[in-house]
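Data first, discussion second: the structure below is written as structure tokens.
Every heavy atom of this structure was used, including side-chain atoms; hydrogens, water molecules and symmetry mates were not. Lettering follows sequence order; numbering is per chain, from 1.
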Amino acid sequence: MPEWIRACAETDIEREDLIRFDHAGSTYAIYHAPDGQFYATAGRCTHEDVHLCDGLVMGHLIECPKHNGQFDYRTGEAKRAPVCVNLRTFPVKAKDGLVFIDVD
Amino acid sequence: MTTATIPVGQRDYSLVGADSRRAVEIGLASAEWYHSQVPRAVMKDLMKRTDGPAIRDTILWFALLIGGAWGGIYFWGTWAAVPFFIVYGVIYGSSCDSRWHECGHGTAFKTAWMNDVIYQIASFMVIRNPVTWRWSHARHHTDTYIVGRDAEIAWMRPPRTLMNFLAFFDVIGSFKSLQILLRNASGRLSPDEKDFIPQSEWGRTVFAARVHMAIYAATVVTALWMQSWLPLFLIGFPRIYGCWHMVMCGHLQHAGLAENVLDHRLNSRTVYMNPISRYIYWNMNYHIEHHMFPMVPYHALPRLHALIKDDLPPPNPSILDGYREILASLRQQKIDPEYYLRKELPPTARPYREEFHNLDIARPGT
């Protein structure tokens, strides 16, 4: 069964941006894509222990703030060195102006 | 300005030695660094990518390269060729470094393939394996001037001042770079390279070295066939006779400053420069700013500097002033390798992160 956790309000994230979300000792990144969809990934870059929340969202890419490695945040796929390992993604749903993440 | 010492004893700059292990043990490796405060909305605007400035600068770059090469070829064998080779040499042998750097970060252009194409061209010009150096530079940003972790520490202590200043006409460094390429082309990576390049990239490292060596071999064959030095003056030698500007700016980045700290205000230097040098160097004179926020493109660094300068030590007002400061610090480091230059912060700045400065991390047996 999915474990839907309320992460934020839809209005908390500008389009083409992200925020950090911490829950139960884990940290996540919640994205608001240019097309209005919401996505969620693990919070920290797979290359170094740097949180992605200070990174730059460009279209459907998130660029790590430390070394400019890039992931497709929809799939978690590593797209640009120095990242080589994919990012874990999590299901997200938006309902009644709120964003929920399935952290299971 | 005050002076300070860090009790670190003998240093092992290799990436697989005692200092490397110690940096990991005490939390200096892959650590959290100090950042000046910039509101998210402002930082997003600063980080925004655009193709315009880099396309403009690259058109000028190629125009200067082609013009310099044309004049050098046309007037070859006469003194009239000299000014053309001076321009060609600096554009080839110095600005290749800044293009390699910015395109390696992926910040110069918005369009990814443009970054990649210029990165490959510039890596060849500066005689750097494009795979190796992408990873070494990532490490340089993770662990800037952390002994045993940073693969790009140019000023090791005690300083070898003569060797570093000989790099202004980099015969030794260029041949060392060729040796490394040759070693990579033969399929071998050093222990240090294996430390910072993921194993999945080793094959690409070897392939890139083979491509570079093939081009150099073709250039030598052409020179022999033509019975002329001209091909080598156009490909390869500019890295020697034109690198002086790259070296001049490169020394300003970190020389004489601290090692083993987690605050770029202590180990990096911002220097005001003339517009020509800033074009050649692509604004990397704002070096503290670049290290704090490597996602900010070169063309936005002056704006970033204006925003955070009250949180930084005062910049050196000129290249000459930077060298005065460096030489004074190096003289001290010759006597006391623990010495580093510690600049006063303005009253508006948040204090330096101090936790590692006075740590007793002396080596066993020292």
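- In terms of heavy-atom pairs under 4.5 Å with chain B, the best-connected choice from A:R80, A:E48, A:Q70, A:M58 is A:R80.
- The 12-atom threshold is exceeded at CZ of B:R56, counting heavy atoms of other residues, nucleotides or ligands nearer than 6.0 Å.
- Heavy-atom neighbours of B:E32 CD from other residues, nucleotides or ligands within 6.0 Å: at or below the threshold of 12.
- Within a 6.0 Å radius of CZ in B:R210, more than 12 heavy atoms belonging to other residues, nucleotides or ligands are found.
- The shortest non-hydrogen separation linking B:M47 to A:D54 is CE-O, 4.0 Å.
- Nearest heavy-atom pair across B:W135 and A:P82 is CH2-O, 2.9 Å.
- For the pair B:S200 and A:C84, the tightest heavy-atom approach, listed with the atom from each and the gap, is OG-SG, 4.4 Å.
- For B:K110, the NZ atom counts as loosely surrounded, since its 6.0 Å shell holds 12 or fewer non-hydrogen atoms of other residues, nucleotides or ligands.
- A:E14 has its side chain out of reach of B:R40: every pair of non-hydrogen atoms, C-beta onward, lies at least 4.5 Å apart.
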Discussion item. I'd like to know whether B:R49 forms a side chain to side chain contact (heavy atoms under 4.5 Å, CB included) with A:L56, so could you lay out the CA-CA distance, the side-chain angles of the two residues, the decisive distance to 0.1 Å, and finally the verdict.
Written reply: CA-CA 10 Å; B:R49 303 295 152 74; A:L56 180 65; 3.9 Å; yes
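- What you find for B:T142 and A:K66 is that their closest heavy atoms are CA-CE, 3.9 Å.
- A donor-acceptor contact shorter than 3.5 Å links the side chain of A:H67 to the backbone of B:A138.
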